[in-house]
Structures are given as structure tokens and as C-alpha cells.
Undergrad: 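Encoded as C-alpha cells, here's the structure I'll be asking about.
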2 protein chains.
Amino acid sequence: MSSRVYIENLADYVGREATISGWLYNKRSSGKIRFLILRDGTGVLQGVIVKQNVSEKVFNAFDTLTQESSLRISGTVRKDDRAPGGYEMDVKDVEIIALANDYPITPKEHGVEFLMDRRHLWLRSQRQHAILRVRHEIIRSIREFFDGRGFLLMDAPIFTPAACEGTSTLFETEYFDLGKAYLTQSGQLYGEAGAMAFGKVYVFGPTFRAEKSKTRRHLTEFWMVEPEVAFNDLNDDMDLAEEFLEHIVGKVLKNRAAELKTLERNTKFLENVKKPLPRITYDEAVEILRKKGTSFERGNDFGGTDETVISEEFDRPVMVHRYPAKVKAFYMKRDPKNEDLALAVDVLAPEGHGEIIGGSQREDDYDVLLKRLHEHNLPESAFDWYLDLRRFGSVPHSGFGLGVERTVSWICGLDHVRETIPFPRMIYRLTP
Amino acid sequence: MSSRVYIENLADYVGREATISGWLYNKRSSGKIRFLILRDGTGVLQGVIVKQNVSEKVFNAFDTLTQESSLRISGTVRKDDRAPGGYEMDVKDVEIIALANDYPITPKEHGVEFLMDRRHLWLRSQRQHAILRVRHEIIRSIREFFDGRGFLLMDAPIFTPAACEGTSTLFETEYFDLGKAYLTQSGQLYGEAGAMAFGKVYVFGPTFRAEKSKTRRHLTEFWMVEPEVAFNDLNDDMDLAEEFLEHIVGKVLKNRAAELKTLERNTKFLENVKKPLPRITYDEAVEILRKKGTSFERGNDFGGTDETVISEEFDRPVMVHRYPAKVKAFYMKRDPKNEDLALAVDVLAPEGHGEIIGGSQREDDYDVLLKRLHEHNLPESAFDWYLDLRRFGSVPHSGFGLGVERTVSWICGLDHVRETIPFPRMIYRLTP
């Protein structure tokens with residue numbers, strides 16, 4: 001397969017013959033010249049067919065070609081900055097592989113549900129290409145960041161025997177003779193076991209929430225990366241988070257500039273993602289809401305609208321730390337200076353994209369953690385192994401989770417997460 | 001956190017002071033000298049405490065230390081090739097963080113079930129470190145291979161509305177008002193949609209099989225990578241598979257030599273994993289079984305024992321292609337030279353590790369594929385979107401799936417897949 005020529009490699013073929021296999025994206029005629037735009041998944045190439053240079057068969061083949069028909073074109077490659085993709089081919093031969101009839105996605109406007117029903121075809125459009133290439137770059141750079149810093153990849157189990165963040169939003173399945181298994185909502189607890197074994201780990205995989213939320217920020221399955229580091233406190237956690245965000249945003253700006261341009265993304269705020277990022281306390285965030293005249297009541301967790309209002313004060317992501325413990329998870333350590341506060345941090349993306357990171361220092365004291373389990377009415381037996389991490393060589397440790405789809409949505413500047421994953425799953429969508 | 005010193009970076013600290021945080025792996029006394037072995041997840045370090053050089057408090061602290069207690073040690077770093085890890089520290093200070101009492105995994109032998117029940121602690125042992133570092137390198141090099149060759153990462157959905165490889169081995173969950181969702185057994189069909197959009201893609205994620213198999217090769221959740229390439233035929237598919245295996249085995253041999261040594265892995269056969277790999281037909285494989293006197297009946301699929309017998313004829317992975325179509329999946333294209341054969345390939349690992357790759361050229365003709373769906377009693381409506389890929393610009397295409405855990409098992413030379421993933425899930429195990 002190494003001998004096949006892809007459009008992305010045409011720079012090596014200027015002035016030479018090549019054969020490109022792909023699909024018809026568009027075509028037009030102008031007198032005795034025919035133009036076709038071929039896409040092969042790696043780019044688009046304009047082919048030029050001049051009547052006197054080709055056989056009648058080839059010239060006529062052009063007329064039968066329909067959108068998304070598959071074909072091969074052969075000819076000489078030229079550099080041409082005016083052409084889409086920057087190269088043009090003087091076509092000598094056209095081989096039709098299969099004609100497509102009535103391809104449903106035409107250049108006219110379609111509704112989102114119409115397109116989502118045809119997601120397997122919609123993926124062929126330029127905009128979806130751009131988004132999914134950015135997604136790939138984000139995932140690649142996430143792994144590059146942790147791999148390059150000695151973190152061990154720790155694939156956490158999908159089937160879990162108990163809930164980590166509450167029982168109301170769990171998908172469940174029968175598991176042989178062992179009763180029910182629940183689909184993981186977070187790999188964090190397993191990541192903590194990993195941090196005690198390997199010092200620094202990252203969990204990276206799909207997670208599931210059976211939330212009955214129809215918002216533009218919710219999917220029922222979404223990918224999350226969760227680093228966990230032994231001996232890190234909350235400040236170290238925030239240091240790691242800002243270094244991490246700088247890395248991935250920087251890589252996308254550098255390696256996916258063309259795609260961001262296709263998406264007409266204003267990158268001004270993305271270029272600001274450099275450490276240090278602003279850090280404010282929950283109380284300072286509440287003060288912002290108060291000044292802006294919202295009716296937010298101190299002590300509650302922030303809703304999506306609150307997050308938007310807070311983030312509008314900043315031209316880059318902002319870290320909000322030290323939330324009221326009662327709105328946060330059982331495993332978070334309390335602030336020794338104020339037991340009502342959890343050593344938690346949320347990172348809010350600018351431009352109203354909401355929370356992209358949630359993290360905390362974890363409770364590392366056996367007795368306190370046991371008390372928290374009881375306060376949250378969680379079954380002690382299911383967490384016995386987790387308590388072991390405090391029985392045997394407990395250390396301060398911290399971590400966070402970043403949601404991939406919300407991050408893609410923010411970096412691409414989308415107003416809904418549904419286009420950030422090849423086949424989104426939502427409360428009302430399980431197909432295709 | 002960048003200021004913290006990890007054992008893996010001690011080369012930069014020779015002759016200098018450093019503080020290492022970690023857990024006690026072992027200790028011993030010899031007259032007025034005390035030795036402790038500290039692990040921090042990135043390596044082990046021998047600390048030497050000489051009575052006259054430290055305070056009485058520090059010297060006494062040593063005596064209270066138990067296995068897996070967490071602590072910090074400070075002192076001067078020396079290179080010492082005799083020491084485990086290659087470095088030694090002249091310890092000046094010891095700070096105990098938390099003492100561990102009665103750590104259950106002692107240097108004596110434990111049964112596998114005992115250890116699996118304590119998997120969250122067992123991960124701290126050297127052997128498990130070695131295996132999971134090899135796993136990480138395999139996953140890293142898989143992504144490196146495809147990312148470097150222009151494949152787009154295509155995360156396929158976990159929730160699917162229908163079965164891909166038969167209905168008897170599916171995990172199911174209630175999905176809001178949409179009835180049941182099934183956990184994916186393979187992302188291939190979605191990968192095919194991706195190949196038509198992006199030319200070459202890879203799906204990489206967890207997959208699920210509710211098989212009631214208690215064999216040493218089965219997990220209920222396991223990770224699989226599935227490349228899919230438009231315009232590739234079966235030969236291209238085999239070319240890709242052998243180039244791929246050469247890449248990942250080569251990377252593990254180069255980057256994880258120390259871990260393979262810890263595992264006492266004889267790497268002779270691994271060093272043979274270079275293209276071209278031997279390619280034999282199903283019929284030739286049957287001939288091997290016949291010659292070796294097995295009772296295998298031509299026309300059946302190979303069982304685990306058959307695979308072992310076949311693979312014993314080779315000192316490297318062997319590709320077996322062109323299986324009887326009736327033992328293979330509905331989506332495989334038939335051999336135009338013999339309609340009874342599927343254009344399928346399985347790659348069998350040497351030394352009895354069985355099938356690690358299964359692949360095929362896919363049926364690309366609409367009418368034939370529809371006929372196959374009916375022959376396999378699969379609901380046409382559930383595959384309507386998949387048929388669309390043959391309606392609109394169908395092209396020849398091929399792909400394969402590689403099971404990560406079986407690959408780790410083979411490369412590490414393990415006799416069971418259960419140690420190849422941090423928290424294995426089997427028919428009789430859902431915890432911890």
C-alpha cells in the first residue's frame with residue numbers, strides 16, 4: 001500500500017504522473033474544459049480534463065459522474081496556488097469505480113436532525129473533516145503530554161461494581177452470575193490505585209452518564225482523560241492543568257491551523273492559553289455573579305449559565321478553586337483552613353464553553369474518608385479496596401478529569417458537542 | 001511539580017542532594033548500616049543510612065518502617081552499578097508520611113485469586129509494573145504507527161443499536177425511551193464509514209463480549225485497534241498488518257528491554273517479527289494439522305488448540321488467509337476464484353499465543369451484501385446505514401482488528417491474559 005499516492009503527498013509528485021483514488025466532491029464545465037474536484041480523505045484535488053487531450057470515452061465519463069461517485073484519475077500533477085488544495089492534475093484517464101445515485105447530502109442547507117440521521121455520510125463533508133481532525137490532534141497531544149512526562153497509561157475498567165459519583169445516572173447491565181455491572185462514570189478511583197503504584201498515571205477512555213439532560217453540553221458517552229499524581233497537592237494539580245492546557249491548545253494552533261480556518265474560528269482567546277492562567281476562589285467567582293446582578297445563591301454549585309457569566313470576565317480559561325464541600329464529591333479533601341471548603345478546582349473555558357476540567361486533591365486520611373462514605377450513604381463494602389489505598393502507604397495526591405468533547409467544542413468554537421465525536425450518543429439518539 | 005525529583009531522573013542528580021518521595025519496598029540491616037529500598041513508581045532506589053551520619057531520630061525511624069509505608073528520604077545521590085536501579089543515596093533524613101500495617105502481599109508466594117482480589121495493591125509489584133509498561137508501549141506505538149501514516153483516529157460508539165458479530169454474546173442496557181442499547185463488539189462497521197470519509201482510519205477503544213468462556217485468552221472487556229483503508233484489497237491488508245506488527249514489536253524490544261528482562265522473556269521469536277511474514281492459505285494450515293495427526297475436519301474454524309499446533313510450525317507470526325466463508329462474518333468479501341472462501345486473514349502469534357489479528361476485505365457490492373445479511377438472518381433495517389456505504393461511492397476496502405490484551409500476553413510471554421490489563425473483567429470477576 002506504500003505505493004499509493006494520497007492527495008496530502010502531492011508535493012512529491014509535481015511534474016510527474018500519478019493516480020489518485022477517491023470520490024467526486026464537485027464538478028463543472030467551461031467550454032471544452034471539464035473540472036472535477038476529487039476528495040480522497042486526505043485532501044481535495046482539482047482535475048482538469050481538456051477535450052483534445054483525452055479519449056472520447058474519458059470525456060464522456062465525466063458527464064455521468066455524480067456527487068460521491070468513486071473513481072480513479074490519472075495524469076500529471078501541477079502546483080497551482082489558485083486550485084483548492086494547491087495542486088491541479090492534467091487528467092489523462094478517468095476510471096469510474098461506482099456511480100452514486102441521489103446522494104442525500106447536497107450543497108443546499110439541511111437540518112441538523114436530517115444530517116445526524118445520515119452521520120455516516122455527513123462525515124464526508126469538509127466541516128466534519130476539520131472538526132474530527134482537530135479532535136484527533138487534541139487526543140494525540142493529550143497522550144504526547146503525559147507520555148512525555150513519564151505518566152503510565154492506566155486503562156480503567158468500564159464495568160464497575162459500584163457508583164463513583166452517585167447512583168442516579170448509571171447505565172447498568174446484567175453480568176453473568178455476579179448481578180449487575182455499571183458502566184464507569186469516571187476512572188478516577190482506579191487512577192488513584194495506579195498513582196500509588198506508578199507515581200503518576202493517566203486514565204483515558206470512554207465514560208458514561210445516563211443523565212436526562214438535553215443540553216448542548218451533554219452526551220451519554222464521552223471520552224475523558226484523568227491524570228492522577230501521588231504527592232501532588234491542589235496547587236500542583238492546578239500547575240499541571242495549566243501546563244496541560246497550554247500544551248494541547250498550542251499543538252492544535254500549530255498543527256491544525258488550516259482546519260481552524262475552515263471552521264472560521266477566531267483564535268484570539270486560544271492564543272492566550274499560556275501559563276499562568278488566572279486562579280480565583282469560589283467566593284471570588286460568586287462575587288463576579290453578584291456584581292453582574294445574577295440571583296445566584298452562595299453555597300450552590302454553578303450552573304451552565306453561571307459558568308458562562310463568570311468566564312466572560314476572562315480572555316482565557318479561568319481556574320475556580322475551593323468550592324463548598326457539600327456540592328462536591330465525597331473523595332475530595334477539605335481545606336485545612338476551612339473545613340466547609342473542598343480542595344477542588346474547575347477550569348472554565350472562555351466564550352461560554354463552560355467547565356472543561358474538574359479536579360481536586362483527594363482525601364488521604366482513612367478515618368475521614370470512611371466518615372465521608374457514610375455521610376454520602378455509600379456502601380462501605382464496595383469501597384473497601386479504595387480504602388486500602390489509605391491503609392497501606394497513604395500519601396497526598398491529586399488529579400483532574402478533562403472531557404474531550406467539551407474541549408473539542410471549545411477549541412473549534414462549536415455551539416453543541418454533538419459534532420465533536422464521530423457518532424454521538426444522546427438521550428434521544430442511538431443511531432446510526 | 002516540575003521541581004520534584006523522580007528516581008528515573010537520578011542521573012541528573014549524581015553528587016547532588018535530592019529528596020525522593022515513595023514507598024518502602026524492602027529493608028535490611030548490617031551492623032551500624034541500614035539499607036532501605038524505596039520505590040516511587042518510576043524506579044527503585046537503595047538508601048544507605050550510616051548510624052554516625054544521621055540523628056538518632058532518623059536511625060530509629062528506619063526501625064518502625066514497614067513494607068509499603070510512605071516516606072521521603074533526602075541525601076546525596078551516588079552512581080553505583082551494584083545497587084538495584086544503578087543509584088544509591090547516602091540518606092541524611094527520613095520523613096515518614098504514613099506507616100502501613102500488615103500489607104497483605106508479602107514476598108512469599110500467593111495464589112492468583114488472592115492477588116486478583118487485591119489487584120489495586122498487586123499493581124505495585126515489579127512484575128506487574130513490567131507488564132503494564134509493556135502494555136503502555138504497545139498502545140503508544142500502535143497510535144504512533146497510524147498517526148505517522150496519516151490515519152484518522154475514529155472513536156466508534158460504545159452504545160450500538162444492533163449486533164455486528166452475532167447476538168448471543170452481547171451485553172445490553174436500557175437506553176431511555178429508545179429500548180435497548182448493546183455494548184459494541186467491534187467498531188469495524190463505523191470504521192468503514194470513516195474509511196469512505198477519510199480514506200484511512202483507525203478505531204481504538206474498549207470492546208465487549210459476553211462470552212461464557214473461562215479460557216486463558218478471554219476477557220469480557222478488552223481493547224481493540226481496528227484500521228480500515230479504502231481501496232485496500234486483502235493483499236494490501238496483509239502488507240499493512242505485517243508492517244504494523246514489525247513496528248510495535250520493534251518498539252517494545254527497543255524501549256522496554258528492561259521490562260522484558262524482568263519478565264524473563266526469551267525474545268528470540270520477537271526479534272523475527274520482520275516483514276515479510278509467512279502467508280499460508282487455510283487449506284495449507286489444514287494440511288499442517290493433518291500431518292501432525294490431529295482430527296481436525298476441513299471446513300471448520302480453528303479452535304485454540306488448532307491455532308497452537310499451526311503456529312508451532314513457525315518461528316514468527318503466520319498469516320492464514322482464505323477461510324471457508326461459512327465460518328466467517330457476513331461482511332467479508334468472497335474470493336472471486338472460489339466463492340466458498342472468504343477473503344479473510346487471521347494472524348497467529350507463535351509459541352501458542354493464538355490469534356492476535358483478524359481481518360478481511362469487505363464486501364463492497366450492495367446486492368451481494370444485502371443477500372449476506374438475509375443469509376445471516378440479520379435485520380436489514382439496522383444495517384441500512386451500513387448499506388449506504390455501498391449505495392454511495394462504494395470502493396474495495398479492507399481492515400483488521402488487533403486485540404491489545406492478547407498482544408501484550410504474547411509479547412510478555414504470559415500464559416493468561418488476566419495480567420495484561422490493570423483491572424481485568426472476566427465471567428467470574430467484576431472487582432475490585
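Naming: A, B, ... by sequence-line order, numbering from 1 per chain.
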Undergrad: Please state whether the side chain, the backbone, both or neither of A:Y386 comes within less than 4.5 Å of a heavy atom of chain B.
TA: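 When you check distances to chain B, no heavy atom of A:Y386 falls under 4.5 Å.
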Undergrad: Measure the spacing between CD1 of B:I138 and CG of A:L153 and express it to the nearest 0.5 Å.
TA: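 So the gap between those two atoms works out to 11.5 Å.
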Undergrad: List the residues meeting side chain to side chain contact (heavy atoms under 4.5 Å, CB included) with B:A100, not counting sequence neighbours, and say none if there are none.
TA: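 So B:A100 forms a side chain to side chain contact (heavy atoms under 4.5 Å, CB included) with A:F392, B:T66, B:E68, B:S69.
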Undergrad: Side chain, backbone, both or neither: which part of A:D384 has a non-hydrogen atom closer than 4.5 Å to chain B?
TA: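 No part of A:D384 comes within 4.5 Å of chain B.
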Undergrad: Checking A:E211 against chain B: side chain, backbone, both or neither under 4.5 Å from a heavy atom?
TA: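 Just the backbone, heavy atoms under 4.5 Å.
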Undergrad: Apply side chain to side chain contact (heavy atoms under 4.5 Å, CB included) to residues B:L183 and A:I158 and explain how you reach the verdict.
TA: CA-CA 11 Å; B:L183 301 191; A:I158 307 296; 5.7 Å; no
Undergrad: With a 4.0 Å cut-off on N to O distance, would you call A:R118 and B:D388 a salt bridge?
TA: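 Salt bridge flag = no for B:D388 with A:R118.
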Undergrad: Anything under 30° is parallel, anything over 60° is perpendicular, the rest tilted; go ahead and classify B:F423 against A:W385.
TA: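 Tilted, since the angle between the ring planes falls between 30° and 60°.
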Undergrad: For the residue pair A:W23 and B:F231, categorise the inter-ring angle as parallel (less than 30°), tilted (30 to 60°) or perpendicular (more than 60°).
TA: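 Taking B:F231 first and then A:W23, their aromatic rings sit tilted (interplane angle of 30° to 60°).
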Undergrad: Does any backbone or side-chain atom of B:Y202 lie under 4.5 Å from a heavy atom of chain A? Answer side chain, backbone, both or neither.
TA: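 The answer is the side chain of B:Y202.
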Undergrad: For B:R119, which atoms come within 4.5 Å of any heavy atom of chain A: side chain, backbone, both, or neither?
TA: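 No part of it gets close to chain A.
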Undergrad: Under 4.5 Å from any heavy atom of chain A, what part of B:R143 do you find: side chain, backbone, both or neither?
TA: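 Looking at B:R143, just its side chain touches chain A.
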Undergrad: Any side-chain heavy atom of A:T42 sitting closer than 4.5 Å to one from B:K200?
TA: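 A side-chain contact exists here, since the closest heavy-atom pair is under 4.5 Å.
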Undergrad: Non-hydrogen atoms of chain B under 4.5 Å away: do they reach the side chain of A:M238, the backbone, both or neither?
TA: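 For A:M238, neither part sits under 4.5 Å from chain B.
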Undergrad: Please identify, among B:L71, B:I139, B:T431, B:V201, the residue contributing the most non-hydrogen atom pairs under 4.5 Å to chain A.
TA: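 When all of B:L71, B:I139, B:T431, B:V201 are compared, B:I139 has the most.
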Undergrad: Relative to chain A, which segment of B:D237 carries a heavy atom at a distance below 4.5 Å: side chain, backbone, both, or neither?
TA: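 Neither; nothing under 4.5 Å.
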Undergrad: So for B:L121, is it side chain, backbone, both, or neither that comes closer than 4.5 Å to the heavy atoms of chain A?
TA: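 The side chain, not the backbone.
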Undergrad: Just give me the residue among A:G150, A:A230, A:G194 that pairs up with chain B most often, heavy atom to heavy atom, under 4.5 Å.
TA: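 Counting heavy-atom pairs under 4.5 Å, the top option is A:A230.
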Undergrad: Is A:R390 in contact with chain B via its backbone, its side chain, both, or neither, using a 4.5 Å heavy-atom distance?
TA: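 No part of A:R390 comes within 4.5 Å of chain B.
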Undergrad: Give the member of B:W122, B:F204, B:F208, B:Y428 that has the highest number of heavy-atom pairs under 4.5 Å with chain A.
TA: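 Going by pairs under 4.5 Å, I would pick B:F208.
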Undergrad: Taking side chain as everything from C-beta outward and backbone as N, CA, C, O, which of these in A:W223 sits under 4.5 Å from a heavy atom of chain B? Side chain, backbone, both or neither.
TA: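 A:W223 touches chain B through side-chain heavy atoms alone.
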Undergrad: Could you look at A:N9 and say if it's the side chain, the backbone, both or neither that has a heavy atom under 4.5 Å from chain B?
TA: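 No part of A:N9 comes within 4.5 Å of chain B.
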Undergrad: Need one label for A:A382: side chain, backbone, both or neither, based on atoms under 4.5 Å from any heavy atom in chain B.
TA: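 For A:A382, neither part sits under 4.5 Å from chain B.
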Undergrad: Taking side chain as everything from C-beta outward and backbone as N, CA, C, O, which of these in A:P432 sits under 4.5 Å from a heavy atom of chain B? Side chain, backbone, both or neither.
TA: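 Both parts, heavy atoms under 4.5 Å.
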